[in-house]
Amino acid sequence: MEYNHRDIESRWQQYWRDNKTYHTEIDPARPKYYVLDMFPYPSGAGLHVGHPLGYIASDIFSRYKRLNGFNVLHPMGYDAYGLPAEQYAIQTGQHPEVTTFKNIDRYRSQLDKIGFCYDWDREIKTCAPEYYKWTQWAFIKMFESWYDNSARKARPISELEAHFAKEGTAGVNGACSRELQFTADEWNAMDEKAKSDVLMNYRIAYLGNTMVNWCPKLGTVLANDEVSEGLSIRGGYPVEQKLMYQWCLRVSAYAQRLLDGLDTIDWTESLKETQRNWIGRSEGAEMRFAVAGRDDIELEIFTTRADTVFGVTFMVLAPESAYVRQLTTPDREAEVAAYLDAVKHKTERERMIDKKVTGVFTGSYAINPLTGKEIPVWVSDYVLAGYGTGAIMAVPAHDSRDYAFARRFDLPVIPLIEGADVSEASFDAKEGVMINSAGPELDLNGLTVKEAIAAAKKFIAEKGIGRVKVNYRLRDAIFSRQRYWGEPFPVYYKDGVPHMLPENQLPLLLPEVDKYLPTETGEPPLGRAKNWHTADGYPLELNTMPGFAGSSAYYLRYMDPRNDKALVSPEADAYWRNVDLYIGGTEHATGHLIYSRFWNKFLYDLGVVVEEEPFKKLINQGMIQGRSNFVYRIKDTNTFVSAGLKGDYDTTPIHVDVNIVSNDQLDLDAFRKWRPEFATAEFVLEDGKYICGWAVEKMSKSMFNVVNPDDIVERYGADTLRLYEMFLGPLEQSKPWDTNGIDGVNRFLKRFWGLFFKGDNWLVTDDAPSPEALKSLHKLIKKVTGDIETFSYNTSVAAFMICVNELYQLKCHSRAILEPLVVVLAPFAPHIAEELWHALGHDTTVCDAQWPAWNEEYLRESAVKYAVSFNGKVRFSIEVPADTPADEVEKLALGHEGAAKWTEGKTVRKVIVVPGKIVNIVVG
RNA sequence: GCUCGAAUGGUGAAAUGGUAGACACGAGGGACUUAAAAUCCCUUGGCUAUUGCGGCUGUGCGGGUUCGAGUCCCGCUUCGAGCACCA
């Protein structure tokens with residue numbers, strides 16, 4: 001029998017399906033292990049070879065854990081709500097569900113061919129009502145909760161209501177949109193609408209009038225992580241800022257816990273750092289500045305540099321700040337209004353690109369609390385409304401933005417740090433010794449910046465002009481989308497006040513609409529749905545939830561996917577707990593991976609889940625880029641010149657389909673057939689071949705560099721694809737797909753097969769294995785066991801190749817060697833392993849075998865070669881029996897004729913023997 | 001600007017502080033074959049010597065620690081990633 005991957009792979013895939021080999025149940029007798037891939041959005045283009053990289057890695061790990069006796073949960077599903085299906089629906093009128101399900105089928109058939117050990121009985125789709133019921137449920141729970149900063153957890157909103165009725169806001173330390181103060185009597189006197197507004201200020205899921213990223217082209221708002229440099233991530237359309245009444249999630253309440261939690265999980269440092277940046281904690285002080293001639297208003301600002309108050313020479317307000325209206329004096333009114341108007345008409349992108357310094361004076365003066373001096377208050381768009389208080393104290397000497405502003409409008413610059421030259425630029429570094437920093441009550445001169453910050457903060461707090469404050473960059477997540485293809489909100493409105501549907505009415509099904517476009521009156525597509533109201537006629541919410549809603553808790557649903565009583569039963573949650581290993585791309589660092597952690601912490605506060613962090617260990621697989629091929633057409637001809645000779649001609653490079661190129665050599669006939677205009681192509685060859693040029697680019701249809709895993713599986717087999725993707729390089733690194741090396745891996749599998757069969761002859765014997773063969777095997781087991789734990793799969797594949805080569809040289813066909821070898825290979829190449837496992841006479845699946853242990857006995861060397869170095873330089877080597885003690889080795893080394901030569905006339909100061917490796921002779 | 005990574009042959013890459021370049025691709029040479037494919041064997045960092053089977057050099061650059069540094073420390077360069085008028 002030759003190694004026939006087509007026959008072997010389809011047969012065993014069928015067997016695993018029929019026997020439910022990968023079906024998983026709770027089993028208290030065995031330890032659990034949960035391995036998860038980031039589930040895909042099923043796009044119309046299908047999978048390319050880059051997608052399975054992470055899936056293969058997690059599959060190997062799952063199989064390895066199973067062989068080691070763990071009860072492994074390894075599920076897969078689909079993140080099925082998304083913009084592309086809806087955009088397609090708008091164009092074609094086809095229901096997004098139809099295209100989504102079609103794409104899911106395609107994905108499934110592609111995944112099935114690679115031989116993954118998913119438990120498909122646990123498959124989920126985020127667009128299925130029995131799934132999104134629990135997305136809606138979680139939303140209701142968030143609506144019915146507030147975040148208690150003192151207890152550092154979410155609590156039922158009913159407790160807050162009870163507190164208000166008894167004591168008003170006294171003693172309440174809740175995360176909120178605005179600080180409120182009222183008494184119990186005032187609360188009790190409020191009508192239902194007023195109470196609703198107050199509670200909305202505290203709810204974790206709340207309706208808020210917030211500045212949002214509005215994308216006119218997509219007709220929807222977007223979350224911060226869905227926007228980059230003023231453009232939408234999906235589609236790259238311009239995004240503008242707009243004030244809208246939207247559902248939001250109070251993610252910011254969890255900022256500190258999201259930050260602290262990072263220290264408890266095993267993620268890469270770079271990913272943690274990305275999240276830390278995104279959360280953006282900054283410690284500083286909030287300070288109040290009095291306004292000259294005004295008793296009714298104080299200007300509140302946030303600063304991280306409390307030490308620089310003596311250098312404040314002006315104040316700046318964000319154009320959107322409420323202070324602007326309050327502080328503009330009548331004589332400045334016209335000019336300020338003109339400025340605000342000009343700013344308003346710029347998109348955020350224009351504001352970012354246009355670095356021109358602009359601003360306008362309000363006419364008011366604030367009073368520096370430390371010097372008592374009056375300083376002008378300006379308005380400028382370099383101050384952001386959404387961060388801190390929307391107002392800043394400007395210290396031009398030590399902040400480059402303030403410096404630019406001061407220079408533009410001729411405002412004074414007072415240096416505060418010794419030796420800082422501020423004649424050309426500001427000195428922004430947080431180091432040095434303070435000068436010019438003494439006032440009637442506080443003297444910072446002579447202190448270092450660090451000391452001065454602490455002293456100033458202390459003073460500010462004591463004098464009651466401010467307080468120590470921590471600010472976060474992390475914003476609340478905007479949760480409404482003006483789209484059709486998403487989860488409907490379980491919300492109806494009664495007299496303009498939002499109410500949640502009772503739990504027994506979930507799921508609220510997504511209604512049918514005639515078109516997937518906004519209504520004529522500009523309402524979201526759900527405005528077209530017939531009978532979109534409750535049984536008593538109250539209107540339902542028209543927005544739908546964003547893409548990240550369905551992906552935020554999906555890992556919990558896999559634990560108990562068919563439960564219609566709960567998101568996850570306490571039993572299932574207590575057993576599976578959280579994801580032990582999560583594999584996916586870095587692109588979700590500030591989106592899904594923040595939202596999931598937030599969502600999980602919220603459910604943890606509710607007591608629904610037992611673990612506070614959802615993903616214990618996370619590996620980011622690198623992206624697989626495309627490797628494009630080029631042909632070179634000589635200008636104005638239909639003649640193509642091989643890459644090595646193109647320097648002799650004036651040529652234009654043209655992308656050529658990588659599927660008609662093999663090892664950079666062009667298939668000429670296939671090229672002529674590829675496109676009509678090339679049918680008559682002529683070629684200038686080198687050595688009778690046409691060699692293509694190449695470049696690394698994104699894998700995409702337009703570059704003709706998309707490689708479909710189905711083609712690789714068809715030609716080489718899934719086992720080769722799996723091994724090759726792992727062999728390509730370190731898992732976490734991005735790399736171009738390059739089919740050039742795949743033959744080497746395929747050759748290895750054929751050789752492996754050749755240890756068992758030669759033609760139709762069964763070669764395996766019951767001979768006792770030789771010490772050499774045992775050593776080779778145990779070296780491999782040790783190496784692979786260590787590699788899997790550290791995800792160094794590329795070196796594991798190399799180790800397999802070495803081992804098989806050694807067994808070939810030893811002509812070893814001993815069952816005692818080959819049987820464990822099959823088990824060790826099984827996670828990597830499950831089909832061939834299963835085939836050979838059964839050929840060896842087993843009738844159970846190789847998945848239930850026992851991972852072999854290595855035995856150090858077999859690895860012990862009979863003799864050790866020592867390289868002898870002379871002051872660090874290798875001069876000669878000696879070979880001694882393995883168990884020779886160190887001092888004996890030393891004697892032998894010194895007695896060697898080489899040593900005599902090098903130590904002649906010198907004193908031997910010391911001899912270092914490194915076990916098994918080196919003898920180092922130091923002379924003086 | 002701040003933060004985090006990375007840099008090793010023609011290529012993808014290996015190397016608990018211990019003989020750098022495992023393994024694979026590519027390239028060159030050879031065997032088998034009418035021929036090709038497939039398979040197998042040898043060579044392959046650079047320079048130098050190949051009529052003694054060796055010598056020199058070498059992990060982005062400059063220092064340092066060490067008997068010994070690709071690996072640790074300090075200072076640069078370049079590339080990649082994240083954040084960014086965030087006060």
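Chain A is the first sequence line, chain B the second, and so forth, proteins listed ahead of strands; every chain is numbered from 1.
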Could you please name the partner base of rG75(B), counting Watson-Crick and G-U wobble pairs only when both distances are under 3.5 Å? rC61(B)

So if I take every side-chain heavy atom of Ile912(A) and compare against rC67(B), rC23(B), rC85(B), which nucleotide ends up nearest? rC67(B)

Atom pair distance, as rounded to whole Å: NE2 in His588(A) and P in rG82(B): 14 Å

Using whole Å, what does the distance between atom P of nucleotide rC83(B) and atom CD1 of Ile594(A) come to? 11 Å

Nearest-Å distance for atom pair CZ/C1', residues Arg751(A) and rA38(B): 14 Å

Parallel, tilted or perpendicular, judged at 30° and 60°: which one describes the rings of Tyr793(A) and Phe791(A)? perpendicular

Of rC85(B), rA22(B), rA24(B), the nucleotide closest to the side chain of Met801(A) is rA24(B)

Could you state the CG-P distance from Asp307(A) to rA87(B), rounded to the nearest angstrom? 14 Å

Are Phe752(A) and Phe800(A), when compared by the centres of their aromatic rings, separated by less than 6.0 Å? no

Does the base of rC67(B) carry an N or O that pairs as donor and acceptor with the side chain of Asn920(A) under 3.5 Å? yes

Please give me the minimum heavy-atom distance between Pro396(A) and Gly311(A), naming the atom from each residue. CD-O, 3.8 Å

Taking the minimum atom-to-atom distance to the side chain of Thr590(A), which one of rC67(B), rA22(B), rC83(B) wins? rC83(B)

For a quick check of understanding: with a heavy-atom distance under 4.0 Å over all strands, which category does Asn794(A) fall into, base, sugar-phosphate or nothing? sugar-phosphate

For Trp267(A), is the NZ or CZ atom of Arg597(A) found under 6.0 angstrom from the centre of its six-membered ring and inside 45 degrees of the ring axis? yes

Does rA27(B) pair with anything, Watson-Crick or G-U wobble, both distances under 3.5 Å, and if so, with which nucleotide? rU43(B)

Ignoring backbone atoms, test whether Arg747(A) places a side-chain nitrogen or oxygen under 4.0 Å from the OP1 or OP2 oxygen of rA38(B). no

Among rC4(B), rA14(B), rA87(B), the one nearest any side-chain atom of Glu273(A) is rC4(B)

If I take atom CG in residue Leu384(A) and atom C1' in nucleotide rC83(B), what distance separates them, rounded to the nearest angstrom? 14 Å

Any strand counts, and the cut-off is 3.5 Å on both contacts for Watson-Crick or G-U wobble. Which nucleotide pairs with rC83(B)? rG1(B)

Looking at rG68(B), which nucleotide sits across from it as a Watson-Crick or G-U wobble partner, both distances under 3.5 angstrom, or is there none? none

When you get a sec, tell me which of rA87(B), rC67(B), rA22(B) is the closest nucleotide to the side chain of Ile392(A)? rA87(B)

Should rA13(B) form a Watson-Crick or G-U wobble pair with both distances under 3.5 Å, which nucleotide is its partner? none

Over 12 foreign heavy atoms within 6.0 Å of CZ, Arg6(A): yes

Using purine N1 to pyrimidine N3 plus N6-O4 or O6-N4 for Watson-Crick, or N1-O2 and O6-N3 for G-U wobble, both under 3.5 Å, which nucleotide pairs with rA49(B)? none

Rounded distance in Å - CG (Leu731(A)) to C1' (rA14(B)): 17 Å

Find the distance Leu749(A):CG to rA24(B):P and express it as a whole number of Å. 14 Å

Euclidean distance for P, rA20(B) against rG58(B) (whole angstrom): 12 Å

Specify the closest pair of heavy atoms between Phe828(A) and Val824(A), including all atoms of both residues, with the distance to one decimal. CD1-O, 3.8 Å

Selection from rC25(B), rG82(B), rA22(B) that lies nearest to any side-chain heavy atom of Asn277(A): rG82(B)

When rounded to whole Å, the CG to C1' distance for the pair Asp787(A) and rC23(B) reads 12 Å

Polar atom pairs between nucleotides 5-12 of chain B and protein, under 3.5 Å, N or O only, would you list them?
residue : atom : partner   : partner atom : Å
rG12(B) : O2'  : Leu728(A) : O            : 2.3

Taking the side chain of Thr274(A) as its heavy atoms from C-beta onward, which of rG18(B), rC83(B), rG82(B) lies nearest to it? rG82(B)

Please determine, for the side chain of Ala867(A), which listed nucleotide (rC85(B), rU19(B), rA14(B)) has the closest atom? rU19(B)

If you measure from the P atom in rU19(B) to the same atom in rA69(B), how many Å do you get, rounded? 12 Å

